[in-house]
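To keep things clear, I will list the structure first and then write my remarks on it.
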Amino acid sequence: MSRPLPVVQAPPASTRGSRRGAWGCLGLSFPWLVFVLVSGLVVWDQRTARDSVDLTEVAAAAGLEVQTHEDQQEAAVARDVVCNMTVRRATAYQVTVAERTYFFCSTYCRDAVVAEPARWIQAHPPSLTAGADKHLMRGIPAWMYQYGVLILLLVSFGLFELLSWLRERRGAPLTQPALDARQDLLGAAWVRRLVTWKPLRFCFQSVCAAFFCLIIYAGLFGNQNPSMNVAPLLTWTIWWAGLIFLILYFGKLWCFVCPWDGIATWIERLKPWGPRQSGMGLGLRWPRKLRNIWPAVGLFVLLTWVELGLGVTMVPRVTAYLALGMLGMAVTSVLVFDRKAFCRYGCLVGRVSGLYALFSPIEVRSKDDAVCSTCRTMDCYKGNAEGDGCPTFEFPRTMQRNTYCISCGECLKTCPHGNTTVRLRPWASDLAQGGKGRSDEAFLAIVLLSMTGFHGLTMTPRWGEWSDAVQSSLAIPAQASFSLLMVGLLVLPVLLFALLSKATAMIGRVARTRTVFLRYAYALLPIALFYHLAHNAEHFLMEGPKLLALASDPCGWGWDLFGTAGWAVPPMITLEGLWILQVFFVVIGHLYGLWISERTTRGLVPDRLRGILAQIPMLLAMLASSTVSLWLLNQPMEMRVSAM
Ligand code: SF4
Ligand code: SF4
Ligand code: SF4
């Protein structure tokens with residue numbers, strides 16, 4: 001059972017073709033230049049030796065006793081005695097006392113020892129056993145936070161007005177050529193053949209399904225100490241944190257390899273690949289009232305509550321239950337409903353990545369609308385012997401955004417004219433197009449912003465203080481206090497944004513506040529995405545390497561499969577390198593948010609001066625969001641893995 005085809009409406013010419021020029025090349029290459037810059041920073045950071053302070057005389061004057069341990073002196077890593085982080089000796093700050101050297105993650109910890117040597121220099125060396133104590137990671141230094149806020153202020157009120165002025169003087173849109181640039185990635189015949197090879201998706205999905213089974217098995221039957229079980233680390237630190245990196249560069253690639261969708265499809269069709277000719281599914285229509293992403297928004301909020309409120313990141317078994325729950329929903333959906341209704345409406349991972357993918361530099365689209373206009377079969381939507389009709393009910397001819405495309409590649413196989421392709425494009429192309437906006441997507445954008453901030457907040461010591469204060473003042477249990485604060489932090493940003501939208505509507509003489517709310521909410525997405533990235537970079541780069549040790553003993557049963565079980569693995573970046581990355585990400589996200597906001601204003605308020613004034617409340621909303629992001633990064637964070 002299939003839905004009728006969507007009304008055919010050719011997309012604007014500006015989103016088609018592959019025009020190029022200097023601006024176009026810059027637009028296409030900018031994401032990859034950022035990638036090179038960030039990778040270069042990580043490599044440079046790992047090769048740069050930090051300075052050393054000699055406290056021998058101070059320690060002798062204070063009568064401190066220092067022991068030298070040869071075994072530790074020879075190791076490549078050491079443990080910071082102040083914050084307990086594993087650090088790489090070659091790139092760590094050092095303090096020398098007699099023949100003993102102490103290694104530190106940052107100047108924070110080094111200076112703490114210099115200020116109070118008697119407190120930290122002990123007769124016994126710190127343990128190199130991972131997770132010996134709780135690890136509190138220092139946030140970005142105050143000066144970095146202050147300069148970051150200054151940069152945000154300067155660019156918020158001036159930069160884009162200057163660009164607008166230049167644009168007007170030039171008499172043509174300055175950024176449009178960059179936005180229109182596209183590079184067809186399937187131009188070479190062999191690449192197209194490879195991408196449309198029918199078993200390709202099965203190959204990737206089966207590898208991911210194997211990892212999925214490992215998580216389930218380790219979670220259900222492995223050691224329930226989270227520091228000894230691979231399930232929490234692989235799920236929350238590697239996959240969930242790494243997913244944002246993947247979206248930023250490869251859009252919905254995760255959906256292409258998704259094991260939930262793969263297993264559900266194999267069960268329903270009883271075959272590994274190929275189009276659905278018959279299957280066990282009932283093919284019912286998804287309920288009309290649920291044809292929106294509110295179910296996914298609800299699931300996202302619920303998952304955040306379960307993850308942070310119940311602390312499931314610390315419980316391998318519950319991690320496995322959650323993964324099985326997602327699989328259960330995907331399987332039920334394909335058995336009951338038409339196509340992949342769960343992917344379109346219900347999957348929180350698909351919907352969150354769908355909104356973020358509006359920013360990504362990869363798109364699946366039809367190439368030439370003239371070819372589509374003569375096409376009578378519409379196989380990309382209906383399917384044929386080569387592949388399925390679009391599983392998420394998209395019609396590639398009219399699809400202009402990545403939101404609901406799951407990059408399954410079916411339309412690449414089914415289009416009889418070879419008129420569908422995968423293209424490289426500049427960052428934020430979908431967002432810059434503008435459009436009316438949808439209420440469910442707009443709310444999800446604000447929820448993403450508030451929930452990612454909330455996530456960061458719950459890892460700071462301040463959260464504990466606030467939660468305790470609410471708990472004791474209202475005399476309610478800890479769980480209720482957590483839920484109350486979470487609801488407050490969910491509702492407050494929506495209310496504030498609604499108020500600011502009202503102000504913009506009044507100043508800009510836009511008839512409906514709702515229009516302003518829906519359109520500008522998308523400008524918050526880059527801010528949410530890059531804060532998410534900055535926060536996850538901390539987990540991924542600092543805690544991710546622990547996987548090397550857990551790979552040898554995934555279930556915590558004392559195995560040593562690859563001889564790495566006893567490794568104390570240092571982070572992939574030093575704390576100082578991480579701080580630079582984090583501030584950089586927040587500023588980039590803010591700049592993109594401003595740019596989208598400026599384009600939205602041009603579309604909504606034709607009068608130039610009125611537009612500048614009307615945009616101010618929205619600029620304040622973005623400035624507040626990015627400042628809160630920096631403030632959160634300035635706070636010390638309790639890390640997951642070391643707390644395990
Ligand atoms: S939408 Fe969800 S279930 Fe569907 S492919 Fe993407 S992650 Fe998997
Ligand atoms: S099948 Fe190909 S040519 Fe026909 S409408 Fe779809 S993308 Fe266009
Ligand atoms: S069939 Fe094409 S448009 Fe539809 S989800 Fe797959 S890749 Fe995207």
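Position 1 is the first residue of the sequence; numbering continues from there. For ligands, and for the atoms within them, numbers begin at 1 and follow the listed sequence.
Between T403 and K252, the closest heavy-atom pair is O-NZ, 3.7 Å. L524 approaches S625 most closely through the heavy-atom pair CD2-OG, 4.4 Å.
Every residue two or more places apart in sequence or in another chain that forms a side chain to side chain contact (heavy atoms under 4.5 Å, CB included) with P554 is listed here: L214, V230, W559, L561. Evaluation of the side chain to side chain contact (heavy atoms under 4.5 Å, CB included) rule for Y249 yields P31, W32, V34, F35, W427 as partners, not counting sequence neighbours.
Figure legend: cation-pi geometry between R269 and F202 absent, as NZ or CZ is not positioned both under 6.0 Å from the six-membered ring centre and within 45° of its axis. Remark: R339 is positioned above the aromatic ring of Y381, its terminal NZ or CZ atom under 6.0 angstrom from the ring centre and at most 45 degrees off the axis.
The protein atom (non-hydrogen) at minimum distance from atom 8 (Fe) of ligand 2 is C372 SG, 2.3 Å. Atom 2 (Fe) of ligand 2 has its closest protein heavy atom at C415 SG, 2.3 Å. H417 CD2, 3.5 Å is the protein heavy atom nearest to atom 3 (S) of ligand 2.
A salt bridge is absent between R351 and E441: the closest approach of a Lys/Arg side-chain nitrogen to an acidic carboxylate oxygen does not fall below 4.0 angstrom.
If you number the atoms of ligand 2 from 1 as listed, the ones under 4.0 Å from a heavy atom of C375 come out as 1 (S), 3 (S), 4 (Fe), 5 (S). Near D379, meaning under 4.0 Å from one of its heavy atoms, ligand 2 places the atoms 1 (S). Counting the atoms of ligand 3 from 1 in the order shown, those under 4.0 Å from a heavy atom of T392 are 5 (S).
Within the 3.5 Å criterion, the main-chain N or O of V257 finds no donor-acceptor partner in the side chain of Q205. In terms of modelled atom types and a separation under 3.5 Å, the side chain of N419 and the main chain of D368 share a donor-acceptor contact. In terms of modelled atom types and a separation under 3.5 Å, the side chain of D388 and the main chain of E410 share no donor-acceptor contact.
Residue P416 places a heavy atom under 4.0 Å from ligand 2.
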**CA sep, side-chain torsions, deciding dist, call: F443, F497, ring-ring contact (aromatic ring centres under 6.0 Å, His included)** = CA-CA 10 Å; F443 270 92; F497 194 70; 9.6 Å; no
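Contact check for Q183 versus R423: no side-chain heavy atoms found under the 4.5 Å cut-off.
A side-chain donor from one of N384 and D379 sits under 3.5 Å from a side-chain acceptor of the other.
Within the protein, the number of N/O/S atoms found under 2.8 Å from atom 2 (Fe) of ligand 3 is 1. Tally of protein N, O or S atoms closer to atom 6 (Fe) of ligand 1 than 2.8 Å: 1.
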